[in-house]
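Remarks on the structure that follows.
Numbering starts at 1 and runs along the sequence shown.
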Amino acid sequence: MEISFGPFLTCFFAIMFLTIYLYIILYRARNVFAKNTKWLFLGILLIFIRLSVPVNFPFTYSVYSEKFLPRFTNPLCDNKIGNLSIYDCLLILWISVAVIKVLIFFYRKIRLGNYLKNFTQNSDHTDPLYQMLRKYIPAPIGIAIIPSRTSPAITGTLFPVLVFPKNISLSEEEIQLICLHELKHYKNHDLWMKLFIELIVCIHWWNPFVYLLQKEYFLTLEIDNDNYLKKHIPD
């Protein structure tokens, strides 16, 4: 594998165009959600996998730029800071920040998992709210009814948990719709897709478009699930 400007440039434009594409289908062409979005998200997943490894593979065929790119790359490679070229310094900076961000990300994931484990394993199964949630949320998904103020959500890739606030006033119909919405995230493997995009944000932390991509992609998942419920539960 080879680290060069090519993959960075490719990833930069891929993130930019994917962000623009999501913006269009969210705010300009919403009829996309009326159709089967499985292939749409499969295509996005393949792009995410490529973005998560911004290097040239041995089998990669590269078209080298002889005029445009060298104007930017040559000064970075020729000028030095101490014994290292500016390019090497930028590369070290990118890798260092990316590694730190990935470690922080997994640390927060583990910390959240340990926090929710207390409420998942020690849940009062006689609690009416727990029984109602379990009615719509099957195993192996855990249920954590927490005392904190939070929106209902599902989290965890290997050990998914439905997070639900304890003191919330909702009808059973509202709870059913919330559970079906979150369960759809699990069935669609949205938790894995979110994990991919969060790792991509850590790797491409220098790219401003990646933060817009994360925001618009998360919104795309939510709207897709809402449209699924509207289609199957019109009332």
Side-chain angles (χ1 to χ4, degrees), residues 1-23 41 43-117 153 155-161 189-221:
M1 293 191 295
E2 178 188 358
I3 299 177
S4 64
F5 285 101
F8 281 95
L9 202 59
T10 302
C11 290
F12 177 83
F13 284 113
I15 290 172
M16 183 179 70
F17 287 127
L18 185 55
T19 304
I20 294 172
Y21 175 69
L22 289 178
Y23 179 86
F41 288 113
I44 292 175
L45 173 61
L46 295 176
I47 296 173
F48 281 175
I49 293 174
R50 180 64 184 96
L51 290 176
S52 63
V53 190
V55 297
N56 276 331
F57 294 100
F59 53 82
T60 302
Y61 177 77
S62 301
V63 178
Y64 292 96
S65 170
E66 297 180 0
K67 294 182 179 180
F68 176 75
L69 202 56
R71 295 179 183 179
F72 299 94
T73 59
N74 288 344
L76 295 177
C77 295
D78 296 338
N79 296 312
K80 293 190 175 185
I81 300 176
N83 295 325
L84 298 174
S85 66
I86 296 177
Y87 170 76
D88 291 333
C89 293
L90 291 176
L91 187 63
I92 293 171
L93 176 64
W94 164 63
I95 294 176
S96 300
V97 176
V99 169
I100 292 171
K101 281 184 167 290
V102 169
L103 291 176
I104 291 174
F105 169 71
F106 280 110
Y107 169 75
R108 289 176 174 172
K109 280 283 186 183
I110 294 171
R111 187 176 178 183
L112 176 62
N114 290 335
Y115 171 76
L116 294 178
K117 192 180 295 183
T155 183
T157 47
L158 298 177
F159 306 102
V161 176
H189 307 292
D190 291 347
L191 301 176
W192 286 99
M193 296 286 277
K194 286 186 174 183
L195 178 66
F196 263 112
I197 186 63
E198 287 171 332
L199 287 175
I200 289 169
V201 170
C202 293
I203 295 169
H204 297 275
W205 56 267
W206 49 272
N207 188 344
F209 284 104
V210 80
Y211 302 99
L212 290 174
L213 175 62
Q214 181 186 36
K215 175 186 174 184
E216 302 299 356
Y217 181 69
F218 283 0
L219 181 58
T220 303
L221 294 178

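The nearest pair of heavy atoms linking Leu22 to Ile44 is CD2-CD1, 4.0 Å. Residues Gly156 and Leu191 approach most closely at O-CD1, 3.0 Å, considering heavy atoms. Between Cys11 and His204, the shortest heavy-atom contact is CB-CE1, 3.4 Å. Considering all non-hydrogen atoms of both residues, Trp205 and Ala98 come closest at NE1-N, 3.6 Å.
When side chains are defined from C-beta on, Ile203 counts as touching Trp94, because their heavy atoms get closer than 4.5 Å. Residues Tyr23 and Thr220 have side chains not in contact (no heavy-atom distance under 4.5 Å, counting atoms from C-beta outward). A heavy-atom distance below 4.5 Å is found between the side chains of Phe48 and Leu18. Put simply, the side chain of Leu199 does not reach to within 4.5 Å of the side chain of Phe196, judged on heavy atoms.
Using cut-offs of 30° and 60° on the angle between ring planes, the pair Phe12 and Trp206 is parallel.
Phe218 meets the side-chain contact (heavy atoms from CB on, under 4.5 Å) test with Lys194, Ile197, Glu198, Gln214; sequence neighbours excluded.
Taking OH from Tyr21 and CD from Glu216, the interatomic distance works out to 13.5 Å, rounded to the nearest 0.5 Å. Atom OG1 in Thr19 sits 6.0 Å away from atom CG in Leu212 (nearest 0.5 Å). Rounded to the nearest 0.5 Å, atoms CG (Leu158) and CH2 (Trp192) are 4.5 Å apart. Interatomic distance, CG of Asn207 versus CE of Met16, reported as 9.0 Å (0.5 Å rounding). Once rounded to the nearest 0.5 Å, the distance linking CG of Leu195 with CD1 of Ile200 reads 9.5 Å.
Other residues, nucleotides and ligands contribute only 12 or fewer heavy atoms inside 6.0 Å of the CZ atom of Phe159. The environment of Phe13 atom CZ is sparse: at most 12 non-hydrogen atoms of other residues, nucleotides or ligands sit within 6.0 angstrom.
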